[in-house]
Amino acid sequence: MFAINHAATALVIHRKYPSVHMLWLLLAVQLMEFLWVILNYAGVERTATERTVKTLADIHLAYMPYSHSILSGLGLALLAWALLAKGFRKPIVGVAVGLGVLSHLILDLLTHAPDICLAPLVPEPKMGLGLYSSLPMHAFFLETGYGVLCWALFQGGKALLATILLFNLANLPLFSSAIDSKEILAGHPGIIVTVVAVQIVVTLALVGIFSRRKPATITSTPN
């Protein structure tokens, strides 16, 4: 799932746990992706493309067993919970952050091609429902609808909704083969990683800013 909709997940968790600072949740929902960016830049994990990139189906997360495996996701979520709930004695924060980390794995399993393995040393089988590779436009509407649903559950403002919609629309060329604007990505996985990194930072910042709204107060006037 794309960065904006992972960030939107933090809204739902914050609605459930309003005492937990939004920054914790925003970092949690993208922890696995932060690791993916770092490990790609370090050459530990690998992204590849076809010679021509028409849709997401032509971009392959070829090797990412450390940042995006079932064991990694569960382990990071459990570690975050244990550190915060037991180490710092903040049980609510621990639960909320653990759920945030785990949400990333679940959402990626729903959309990714089968590229998520069980564990770093267990390359097969690989999991993922494959919407990106088989039904990219269906994935686009699913992602956009999910982002809007998160906004609605959070009861966010117009600026927050606009941010979610605009970033989803900005990703539309990657879902649609009818939009020719992806030639620069073919054979340049480093550009893909950089674009993802920029999207993570920008979307987390904007969602964090626009989620800071005070509930409207109702004032009564004397009759």
Side-chain angles (χ1 to χ4, degrees), residues 1-10 13 23-50 53 55-80 97-133 136 139 143 146-147 167-168 170-171 174-175 182 184-208:
M1 191 160 279
F2 274 74
I4 184 59
N5 300 308
H6 281 302
T9 304
I13 301 174
L23 178 61
W24 283 105
L25 303 177
L26 289 169
L27 294 176
V29 297
Q30 284 289 33
L31 177 59
M32 294 178 70
E33 207 79 336
F34 279 123
L35 291 175
W36 177 82
V37 170
I38 292 168
L39 292 175
N40 266 267
Y41 279 140
V44 176
E45 296 190 343
R46 187 174 70 258
T47 301
T49 74
E50 299 292 342
V53 174
T55 69
L56 284 169
D58 300 316
I59 298 174
H60 308 296
L61 306 178
Y63 186 73
M64 54 174 190
Y66 302 104
S67 65
H68 282 69
S69 67
I70 302 297
L71 180 62
S72 298
L74 293 175
L76 286 170
L78 183 60
L79 178 62
V97 170
L99 287 173
V101 175
L102 190 60
S103 73
H104 190 105
L105 174 64
I106 294 170
L107 292 174
D108 279 0
L109 284 169
L110 291 175
T111 54
H112 275 219
D115 51 28
I116 298 174
C117 63
L118 288 173
L121 299 179
V122 185
E124 299 293 339
K126 290 185 178 178
M127 287 163 280
L129 290 185
L131 289 181
Y132 284 166
S133 54
E143 290 214 11
Y146 173 78
F167 272 92
N168 273 289
N171 291 324
L174 287 171
F175 291 90
K182 303 171 284 286
I184 192 173
L185 301 179
H188 297 94
I191 294 177
I192 297 170
V193 175
T194 300
V195 169
V196 171
V198 171
Q199 280 202 1
I200 292 172
V201 173
V202 174
T203 55
L204 290 187
L206 290 177
V207 170

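Just the heavy atoms: all of them, side chains too, but no hydrogens, waters or symmetry mates, feed the values below.
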*Asks:* Considering non-hydrogen atoms only, spot the tightest contact between Val97 and Ala80 and give its length.
*Replies:*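 Heavy-atom minimum between the residues: CG1-CB, 3.8 Å.
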*Asks:* Leu27 and Phe34: side-chain contact (heavy atoms from CB on, under 4.5 Å), yes or no, with the steps?
*Replies:* CA-CA 9 Å; Leu27 294 176; Phe34 279 123; 4.2 Å; yes
*Asks:* Is there a side-chain contact between Trp36 and Ile200 (heavy atoms, below 4.5 Å)?
*Replies:*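 Result no, sub-4.5 Å side-chain heavy-atom pair not found.
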*Asks:* Can you tell me how far apart CE (Met127) and OG (Ser69) are? Round to the nearest 0.5 Å.
*Replies:* 8.5 Å
*Asks:* Would you indicate whether the side-chain heavy atoms of Met64 and Leu39 approach each other to under 4.5 Å?
*Replies:*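 No, every pair of side-chain atoms sits at 4.5 Å or beyond.
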*Asks:* Is the closest side-chain heavy-atom distance between Ile59 and Leu174 below 4.5 Å?
*Replies:*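 Yes, close enough: below the 4.5 Å cut-off.
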*Asks:* Return the minimal non-hydrogen interatomic distance between Ala48 and Pro189, and the atom names on each side.
*Replies:* N-CB, 4.5 Å
*Asks:* Could you pull out the closest heavy-atom pair between Gly73 and Val101, with the gap in Å?
*Replies:* O-CG1, 4.0 Å
*Asks:* So does Tyr66 get a backbone contact from the side chain of Ser72, meaning a donor-acceptor N/O pair under 3.5 Å?
*Replies:* yes
*Asks:* Who are the side chain to side chain contact (heavy atoms under 4.5 Å, CB included) partners of Ala10, not counting sequence neighbours?
*Replies:*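 So Ala10 forms a side chain to side chain contact (heavy atoms under 4.5 Å, CB included) with Met22, Leu25, Leu26, Val29.
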*Asks:* Can you name the ring pair (Phe, Tyr, Trp, His ring centres under 6.0 Å) partners of His112, sequence neighbours left out?
*Replies:* Tyr132
*Asks:* With rounding to the nearest 0.5 angstrom, report the CG to CG distance, Leu105 to Leu31.
*Replies:* 12.0 Å
*Asks:* A side-chain contact here means heavy atoms from C-beta on lying under 4.5 Å apart; do Ile70 and Leu74 qualify?
*Replies:*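 Of all side-chain heavy-atom pairs linking Leu74 with Ile70, at least one is under 4.5 Å.
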*Asks:* Would you give the length of the straight line joining atom CD1 of Ile192 to atom NE2 of His60, rounded to the nearest 0.5 angstrom?
*Replies:* 9.5 Å
*Asks:* Just jot down the side-chain hydrogen bond (donor to acceptor under 3.5 Å, both in side chains) partners of Asp58, sequence neighbours excluded, or say none.
*Replies:*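 Asp58: no side-chain hydrogen bond (donor to acceptor under 3.5 Å, both in side chains) contacts found.
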*Asks:* Could you pull out all residues at least two apart from Ser67 that satisfy side-chain hydrogen bond (donor to acceptor under 3.5 Å, both in side chains)?
*Replies:*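 Ser67 satisfies side-chain hydrogen bond (donor to acceptor under 3.5 Å, both in side chains) with Glu45 only.
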*Asks:* Looking at OG1 of Thr47 and CD1 of Ile191, how far apart are the two atoms once the value is rounded to the nearest 0.5 Å?
*Replies:*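 Between atom OG1 of Thr47 and atom CD1 of Ile191 there are 12.5 Å.
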*Asks:* Can you name the side-chain hydrogen bond (donor to acceptor under 3.5 Å, both in side chains) partners of Asn5, sequence neighbours left out?
*Replies:* Glu143, Asn168
*Asks:* How far does NE2 of His68 sit from CG of Leu109, to the nearest 0.5 angstrom?
*Replies:*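 Atom-to-atom, His68:NE2 and Leu109:CG are 9.5 Å apart.
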*Asks:* Taking all heavy atoms of Ala3 and all of Thr203, pick out the closest pair and write down the distance.
*Replies:* CB-OG1, 3.6 Å
*Asks:* Considering non-hydrogen atoms only, spot the tightest contact between Pro123 and Cys117 and give its length.
*Replies:*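 Shortest heavy-atom separation between Pro123 and Cys117 comes out as O-CB, 3.8 Å.
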*Asks:* How many angstroms lie between CD1 in Ile116 and CG in Asp108, if you round to the nearest 0.5 Å?
*Replies:* 5.0 Å
*Asks:* With sequence neighbours excluded, tell me which residues meet side-chain hydrogen bond (donor to acceptor under 3.5 Å, both in side chains) with Tyr146.
*Replies:* Thr9
*Asks:* Checking the side chain of His6 only, and the main-chain atoms of Ile4 only, is there a donor and an acceptor separated by less than 3.5 Å?
*Replies:*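 No; zero donor-acceptor contacts below 3.5 Å.
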